Every structure is written in C-alpha cells, then in structure tokens.
Chemist: 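Here it is: the structure, laid out below.
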Amino acid sequence: MPHAAVRGYETVLGLRDESLVAITDTVARYYRGTAEAAPRLARCEIADDRAARRLDTLIDLAVTGGNVSGPEWNELTALLCRTPYAILSPQRTWETLSERLLIEMAVSDGVKWMHRAEAYQRLMAHPVGGAAAIAAAASASADRGAQSMVGTVSVFDSTAAPAAAGLVVDHLNSPLTDRTFAGALLACFRKVGQGHFRSGQLVVISDLLTDLLGGPVTAGTAALAGAILRQLPLGLRQRVPARIWDLVSTRSPAWSVADEITAAVAAATTEAWDDAVLRELVRESVFADVFDQRLYAQFMIYSTPYRVPVARELGAALRRRRHDKDRAVPLVEALRVIGGPAERRDIELLVLDQTLPVAIRDTAASALGHIGGTSHNSFWATALSATRLRYHATAGESEISVLDRLIYAMGMAGADSVLSQVPATPDLPARIRASARWWLSLSPCFRQSART
C-alpha cells in the first residue's frame, strides 16, 4: 500500500498527520522481518534536486539543535533511504543524528515514539550510517545512569549486523543492569527467528536460557524465554531438559478478559456485532508471550475508535482484580498504552497502595510514563516518599525497581521540580540519583522536540 493512501485515510478520519503511517510502518517492519532500510509504505517519488534540498534542511535542523518532529524524522530517514551511499559531511554527522534520535526515542511516547523507533531502524540498516547508529546504541546501553535501557538494547533486534548480535549476547552474559538483560532477552526473540546469530552464539543463548529457567523467574520472563527456545534449531531444542520444556509449557489458567471486554464494548454500541479482530487484538494485548507483540497490538487498538471503550473496560477489569498479581499486571501493562486520564487515576492508586504485590506497583509506576492524562506534583512527591520508605523498610531490590520506574515516569511527565530533589537525597540508591541526573542533564531542546 502506498504512503499516500494511508495519508488519505488519516484525512478522511480526521486523524493527526502521519499517525496511521507511523503505526503501519512500525508494525509492518516488526512482522515482516526485514533488515532493509526502506520503510514499508512506498513514498511518492520526488525530484532529486528537491529531495536533496529538503534533506539538507532537515539534517541542518537535527545537528544544530532545532526542533525535529516525529514526522520530520520520518521524512529525513526516508530521504536517506533514497540514497543508500549518501555522504554526509562531516562524517561525524551520522553519529550526531544517531545520538540525538536515540535520546528522543528514549523520552518520547506513543505515535511520537513510533516515528522515532522506525527512523532509528532505518538508520541502523543504512549501508553508510548503520555503523554509527549501532555504536550510539552500544554506548547508551553501557551508561548506568541512562533510563530506558531496555530499549537501547532491544533496538538491536532488527539489524543483521554481526556487531549487534555480539552486543546482545554480551548483555545476556554480563548484563550491566536488570534492564539491559531484559532488553537483550527481548532482542533475542526476533534475532533468533531471523537467523542473526552464529551457531556458537545460539549455543550460548540456549545454555543461558536453560540456566535462567532453572531458577526463580517471573511468569513474563518464563514466557519470553520459552518463545525464544522454541525458535532454536532442532539440535539445540533437543538439548533442553524436559523439566524446562514442562515449565515453559505450563501456563496460568486462561481467563476470559478478551471476551469480557469485547462483549462489553459491543453492548455499549447502538447495534449488536461480533468483532473477532478486536477480540484477538485485546487477547494479544494482554496475553502474548512477547512484550513487543503485546505492545503493537495495544498500539493498533489505540489507533481505532475502540480505544476509549476498551480502556474503560480494561480499567473495570483491573478494579475487580487489583490484588491478583497474575491478572492485574497484564491489565496494567495494556492500559499503559490504551488507557486515558480516567484510567490514570486507577494506576496512581496502585502505585500508592503499599499492600499490593511489588510486581503490580512496579508495572503501575512504569505505566505512568505513558498512559494518558497527567499527575500532579503532589502525587509524584507522595509516591516517591512512600516508595523510599518502603525501600528502607525492606532493603529489597524490587523496591529499587519501583523507584527507578517512578524516576522514568517523572522524567516523561516533565515533573522536574520533584525530580530535581532526587540527586540531593542521600538515602536514595546511587542508581536512582544517577537516573534523575540523567533526565535533568538532557538538552531541553531534545526533550521538547520528543513531544512533537
């Protein structure tokens, strides 16, 4: 389908320019399993001299600190794809573009994030600029103070470059933090499926996953590890002990939230209908083994008129099951993308409720970085104080994770008045103080640009 046709749908439906384009490009790249630089939607041909002038203008904006919107990053990288062996002068320009785009991707959200994520995949696949993009992500994933470290490693999932495969294995073997390990694990799912690893690397991955599943792991980690193991070559699958296969094959009893939600949405319409596609998207949003598959299903719902009623029903389901970790966590994760201001209030209450399992509070704190609506500074201060006290009472790593999620959410929300107090709070873990400093040190131009 051509780019112009999707833009036409946006116009007819009254949607924001390039919003359906972003979803189409991003989801298509994920599921078609290509390492090509060019976007999925074919762009209209334009004269070479006009393309060169426009590319020059956009690059100048990016390297001189001007505002570059999501659609402009989309356009810039689409134009670079027209010229596989483009020469940018000075050569450092490739690094500058990659570093800035990676930062903006880390601090953007929703459609704005999709534009930048797709643009970064194009840079990594570019014959000339790819090395600089991979190096920028490698450097960011080695920075303990940086936030969104899952994303700086999982971004390697689409590139077939040997350097990226080596970095992913390194982060599995010797992770800098739990976040870089999670990013590497997520990247492995696509990279194994697309044949990016050498045979020796596959052996290392198989052994690491077998050891991981032999110890205590969350249900989500076990599901993702199982999905990776099932993609390994037959000989390696046969080396996996039967007890491990039993573990990854044992699933929690299925529950009918997808049926509940689609039935409730249907009941609220003026005529009876049965939308099997919506039911499948809701099911995938909540239950898919792989985070990215859940995420893209959530984005697809978000882009439709069903977003508001689905969010309402997800919120109602969460209120009925808020104390049940196995049910609440996937519902909160789905609301992270689909939810609006009304559901945000429910998520805030989960963060503040210290009687809930830490996994629920951790997921809720993460969701506040993305769900619709805003939180008052008084909430951020209260949540930070309560979690800090809980950390001192338990001395648990899990509470450090909740604190880290709160710092991320405050940074995404621009709650700098509360965030600025964190580096000067000596009884907070060093990791948390460093994360706050990272947000406060970011270029205001980049943070503002990421919101457009």
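Hydrogens, waters and symmetry mates play no part in the numbers below; they use all other heavy atoms, side chains included. Nothing here was measured: the structure is a model prediction, and the numbers come from that model.
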Chemist: What's the shortest heavy-atom distance between Ala136 and Ser98, and which atoms?
Modeler: CB-CB, 3.9 Å
Chemist: Please name the residue in the list Thr152, Asp170, Leu167, Val168 that meets the side-chain contact (heavy atoms from CB on, under 4.5 Å) test with Ser141.
Modeler: Thr152
Chemist: Is the closest side-chain donor-acceptor distance between Glu399 and Thr394 under 3.5 Å?
Modeler: no
Chemist: Minimum heavy-atom separation for Ile338 and Arg307, please, with both atom names.
Modeler: O-NH1, 3.0 Å
Chemist: Which heavy atom of Ile407 sits nearest a heavy atom of Trp439, and at what distance?
Modeler: O-NE1, 3.8 Å
Chemist: Is there a side-chain contact between Leu202 and Pro233 in this structure, where contact means two heavy atoms from C-beta onward sitting under 4.5 Å apart?
Modeler: yes
Chemist: For Trp438 and Asp143: C-alpha separation, side-chain torsions, deciding distance, then whether side chain to side chain contact (heavy atoms under 4.5 Å, CB included) applies.
Modeler: CA-CA 10 Å; Trp438 181 83; Asp143 182 356; 4.2 Å; yes
Chemist: Aromatic rings Phe299 and Trp113: how do their planes relate, parallel, tilted or perpendicular, breaks at 30° and 60°?
Modeler: parallel
Chemist: Considering all heavy atoms of both residues, which atom of Tyr302 and which atom of Val337 are nearest to each other, and what is their separation?
Modeler: CD1-O, 3.3 Å
Chemist: Measuring only between side-chain heavy atoms, which start at C-beta, is Asp25 closer than 4.5 Å to Asn74?
Modeler: yes
Chemist: Ignoring hydrogens and angles, state whether a donor on the side chain of His3 or Glu18 is under 3.5 Å from an acceptor on the partner side chain.
Modeler: yes
Chemist: Between Ala86 and Leu80, which heavy-atom pair has the shortest distance, and what is it?
Modeler: CB-CD2, 4.3 Å
Chemist: Would you check, one step at a time, whether the test side chain to side chain contact (heavy atoms under 4.5 Å, CB included) holds for Phe156 with His196?
Modeler: CA-CA 10 Å; Phe156 294 129; His196 292 174; over 6 Å; no
Chemist: How about Trp73 and Glu118: does a side-chain donor come under 3.5 Å of a side-chain acceptor?
Modeler: no
Chemist: Within the supplied structure, the quantity of interest is the number of heavy atoms (other residues, nucleotides, ligands) at a distance under 6.0 Å from Arg92 CZ; does it exceed 12?
Modeler: yes
Chemist: Are more than 12 heavy atoms, taken from residues, nucleotides or ligands other than Glu397, located less than 6.0 Å from that residue's CD atom?
Modeler: no
Chemist: Check whether any side-chain heavy atom of Leu384 sits under 4.5 Å from a side-chain heavy atom of Val422, and report yes or no.
Modeler: yes
Chemist: Please tell me if the side chains of Leu97 and Val63 come closer than 4.5 Å, counting only heavy atoms from C-beta onward.
Modeler: yes
Chemist: Please tell me if the side chains of Leu76 and Leu55 come closer than 4.5 Å, counting only heavy atoms from C-beta onward.
Modeler: yes
Chemist: Would you please name every residue forming a salt bridge (charged side-chain N to carboxylate O under 4.0 Å, His left out) with Glu333, sequence neighbours left out?
Modeler: Arg294
Chemist: How about Met412 and Asp109: do any of their side-chain heavy atoms sit closer than 4.5 Å?
Modeler: yes
Chemist: Start with the C-alpha distance between Arg388 and Thr425, add both sets of side-chain angles, then the distance that settles side chain to side chain contact (heavy atoms under 4.5 Å, CB included), and finish with yes or no.
Modeler: CA-CA 10 Å; Arg388 180 169 131 252; Thr425 307; 4.0 Å; yes
Chemist: Does the side chain of Leu209 reach to within under 4.5 Å of the side chain of Leu185, using non-hydrogen atoms?
Modeler: yes
Chemist: Quick one: closest heavy-atom pair of Gly339 and Ala311, and the distance?
Modeler: CA-CB, 3.9 Å
Chemist: Is a side-chain donor or acceptor of Glu10 paired with a backbone partner of Ser19 at a separation under 3.5 angstrom?
Modeler: yes
Chemist: Distance alone, cut at 3.5 Å: any donor-acceptor contact between the side chains of Thr218 and Thr221?
Modeler: yes
Chemist: Assess whether side chain to side chain contact (heavy atoms under 4.5 Å, CB included) is satisfied between His376 and Thr382, documenting all intermediate values.
Modeler: CA-CA 10 Å; His376 297 297; Thr382 301; over 6 Å; no
Chemist: Is it true that the side chains of Arg179 and Ser401 contain a donor and an acceptor less than 3.5 Å apart?
Modeler: yes
Chemist: Can you find a pair of side-chain heavy atoms, one from Ser154 and one from His171, that are under 4.5 Å apart?
Modeler: no
Chemist: Centre-to-centre under 6.0 Å for His370 and Tyr408, is that the case here?
Modeler: yes
Chemist: Checking side-chain contact (heavy atoms from CB on, under 4.5 Å) against Leu229, which of Ile205, Leu224, Leu213 comes through?
Modeler: Leu213
Chemist: Using a distance-only test with no angle check, is there a side-chain donor-acceptor pair under 3.5 angstrom linking Ser375 and Arg344?
Modeler: yes
